[in-house]
Structures are given as structure tokens and as C-alpha cells.
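What follows is a set of notes on a single structure, which appears directly below.
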Amino acid sequence: MRLRLRRRAAIVGTAASLASPVLAQARWPAQPIRLIVPFGPGGSTDIIARLMAEPMGAFLGQPVVVENRAGGAATVGTGIAAMAAPDGYTLLFSTISGLAVGSTLYRDRIRWNADTSFAHIAIVFGTPYLLLVNPAFPAHDMAGFLAEARRRAQGIEVASSGIGSVNHLMILRMAKLAGVNLLHVPYRGGAQAAMDAIAGTVPATIDSLTAASAHIRAERLRPLAISSTTRITGFDTIPTFRETGLDIVADGWAGICAPAGTPRPILERMAEAIRHAQAQTTVMERFEATATLPGKRYLDEAQDFVRSEVAAWAPLVIESGATPEG
């Protein structure tokens, strides 16, 4: 009799352990969710992440808390998210810098894969980049900027959001195409780079339109060129790089993903929360004000998009000659 009781207890225990993942999913989310932003506060990624977090949390019934983990061209925060438990309580605000660029640049130093280490839930937005100068800078267009770079023996300092960022690659490509000296000045985020350009600590910076739009409108920074294929409505006085004679096109996309292995029902629920957030008036108005293009890729389509972006950027990163040291 005692033997039977023990065996019955073992069977019940096994059944409970098998059912526990299902029960955990049914209760999800039962606690706050952290959203890792792999850049410092104030940049375009951080701005949109915080804008999205509140309505996502309201939809899910638990707060979505933004956690800034900057470093390594977004690869530090990305790696932290990749190693997190796949339980739906850790998300990453994924970026082109961390996944499409950083995964190649830091390939010998990271232990995650941009595709297989993550379950990509959505591409949230896209934004072009600009070359911006301090208002006191003597050049008012790209031709003048390049002429000034040739005139200065040491070239012109240009700030970016960090080594290995898209901004960094654009600086390298601009210098190569134009045959001028541009001195890369890396920061731990675009916000501080922009502030130092406004203060005149550095004469120029590369930043996204999402982050720089307010500075442009307030005339704190002067835009010289934009990385979109065509001019942007509301900012149509800014020529594209191609119009200035430099073949530079880049879209600064960002999305939301979870560690690989996160249950599909949780991913689908999270995709619903992201759609809900994107549909909020405050989010749509902010996107419109900053000429930010809302993303429209979710789940499998988002996964395919990231995979294709890594493949497209890898040869450009290698060709650029960029290294983790600068």
C-alpha cells in the first residue's frame, strides 16, 4: 500500500511538472516586464522605447520597465537579453547597430547570434540619419563641409553614438567616398554626441531624424544631408546624401524581441501589445512629428527581416575596415 502511494505521488508530481510551463503561460504576465535598451538615455531608441512601454504595459496589465544597458555599439545590452530566461519577462529593444552591424563587428567577442538567439516580435520603427553641424560651423551645405575638411590639416571631428554603430560606418563611408579626413569621435549614445555638437565641443555629428528633429526645428543643429532615398516630408529642404554626390543610404530600424525559446503564445500576445501601442494617439503623433516611419513587420516576418539585414550589412562592415577599437 505504501509503495502504491509513493508511485501515485510520483506520477502526480511528473504530471504537475509537465503542466507547469502551460500554467506559467496562462498566468503571464504576473510581474513587471523589463525592456532592455542597449543605448544610454535620450537617444532615438530610448525615446521610442519609453513612448511604447507605457501603452504596452497598460495592454498587458503589468508595467513594462525600460532598462538602459549601453556599450559595445549596442552589443552589451543585446547580449544581456540573449542570455535571459525565455519566460516573457525580458525583452530587448533591438537595433540595426546591435544586430545588423555589431553582430559582425564584434563577431569574435560575442556569444549570441542575431537570428537564432532571439525570437523577433516586431520591427517598431525606421528612421534615416543626418549629418548635422553646429550652427557656427562655416559650411552651410555638403560641398562646403567637404571643402572645409580638405582645408583643415587634421580633418573634421564627427561624433557618433559609438564604435560600430551605423553612424560610425556612415562617417567612414563618407570619408572614403569624398576622399577627406573625418575624425570619428565615439560616444556611449547619440544624445550626448548631439549635446556636444550643440555646445561646440565637436563641430559635427551623425544622428537619426527621430532624435534630431527637435534640434533641427530649434536651429540648434544645422542638417547638411539625410540618408533616405528621397527627401522627407516636413524636412524637405534637407538634400539626400545621394543628391550631394555621396552614395549613402541607411535606415535606422529598431524592433522588439525576446530570448529564443520564449513560448509562441507569449510572443503573439506581445505582438498584440506592440500593435496596441503603435495605434495610440500619443505614439502616432510623436512618430509624425519626428518623421519616424512605423514598422509593419511582426513575428515570422520580423525574424526574416533581421536575418536579411544581417546578411546585407555584414560585407559593408567588413569592407569599411571598422574595428571594435575604432
Side-chain angles (χ1 to χ4, degrees), residues 35-40 43-46 48-49 67-84 86 90-127 129 160-173 184 186-190 206 208 227 248-262 267 295 297-326:
L35 175 57
I36 295 175
V37 173
F39 289 106
S44 59
T45 307
D46 182 66
I48 301 299
E67 180 180 317
N68 295 94
R69 300 298 292 266
T75 60
V76 172
T78 300
I80 291 170
M83 299 302 125
T90 298
L91 300 174
L92 171 71
F93 213 82
S94 56
T95 67
I96 182 174
S97 290
L99 295 184
V101 177
S103 62
T104 297
L105 184 67
Y106 288 81
R107 58 192 178 278
D108 297 327
R109 302 187 182 188
I110 59 177
R111 298 181 179 179
W112 49 265
N113 180 282
D115 177 21
T116 59
S117 297
F118 297 98
H120 294 281
I121 303 169
I123 302 302
V124 175
F125 74 90
T127 180
Y129 296 91
S160 83
S161 59
I163 293 171
S165 62
V166 175
N167 320 44
H168 178 196
L169 293 189
M170 286 180 62
I171 294 167
L172 293 176
R173 184 161 176 78
H184 177 223
Y187 284 77
R188 288 179 65 84
I206 299 280
S208 72
S227 69
I248 298 174
V249 176
D251 176 43
W253 57 264
I256 293 177
C257 61
T262 301
L267 300 176
R297 294 180 175 91
Y298 304 91
L299 299 170
D300 295 341
E301 192 176 354
Q303 194 85 28
D304 291 343
F305 174 78
V306 171
R307 189 180 302 121
S308 67
E309 281 287 281
V310 173
W313 277 93
L316 297 178
V317 174
I318 295 169
E319 180 188 353
S320 74
T323 68
E325 288 71 37

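For this chain, numbers begin at 1 and follow the sequence in order.
Within the 3.5 Å criterion, the main-chain N or O of L99 finds a donor-acceptor partner in the side chain of S103. Side-chain N or O atoms of S94 include one that pairs as donor or acceptor with a backbone N or O of G255 at under 3.5 Å.
Taken from CZ in F39 to CZ in F93, the straight-line distance is 11.5 Å, to the nearest 0.5 Å. For the atom pair NE2 (H120) and CZ (R297), the distance works out to 13.0 Å, reported to the nearest 0.5 Å. Within the model, atoms OG1 of T90 and CD1 of I80 stand 10.0 Å from one another, a figure rounded to the nearest 0.5 Å. Distance CG/L169 to CD1/I163: 11.5 Å, rounded to 0.5 Å. Put simply, OG on S320 and CZ on R173 are 10.0 Å apart, with the number rounded to the nearest 0.5 Å. Remark: F125 CZ to I123 CD1 distance equals 10.5 Å, nearest 0.5 Å.
No option in L105, V310, L172, V166 other than L105 meets the side-chain contact (heavy atoms from CB on, under 4.5 Å) test with V317.
For CZ of R188, the number of neighbouring non-hydrogen atoms (other residues, nucleotides, ligands) closer than 6.0 Å is 12 at most.
E67 is linked by a side chain to side chain donor-acceptor pair (under 3.5 Å) to R34, R69, counting only residues two or more places apart in sequence or in another chain. Residues passing the ring-ring contact (aromatic ring centres under 6.0 Å, His included) test with Y298, sequence neighbours excluded: none.
Using a 4.5 Å cut-off on side-chain heavy atoms (C-beta onward), I171 and I206 make contact. Side-chain contact between S227 and V249 is absent, with no heavy-atom pair separated by less than 4.5 Å. Side-chain contact between D251 and I96: absent, with no pair of heavy atoms (C-beta onward) separated by less than 4.5 Å.
The aromatic rings of W112 and F118 stand perpendicular to each other, their planes meeting at an angle above 60°, with 30° marking the opposite boundary.
Side-chain contact, H184 with S160: a donor N or O sits under 3.5 Å from an acceptor N or O.
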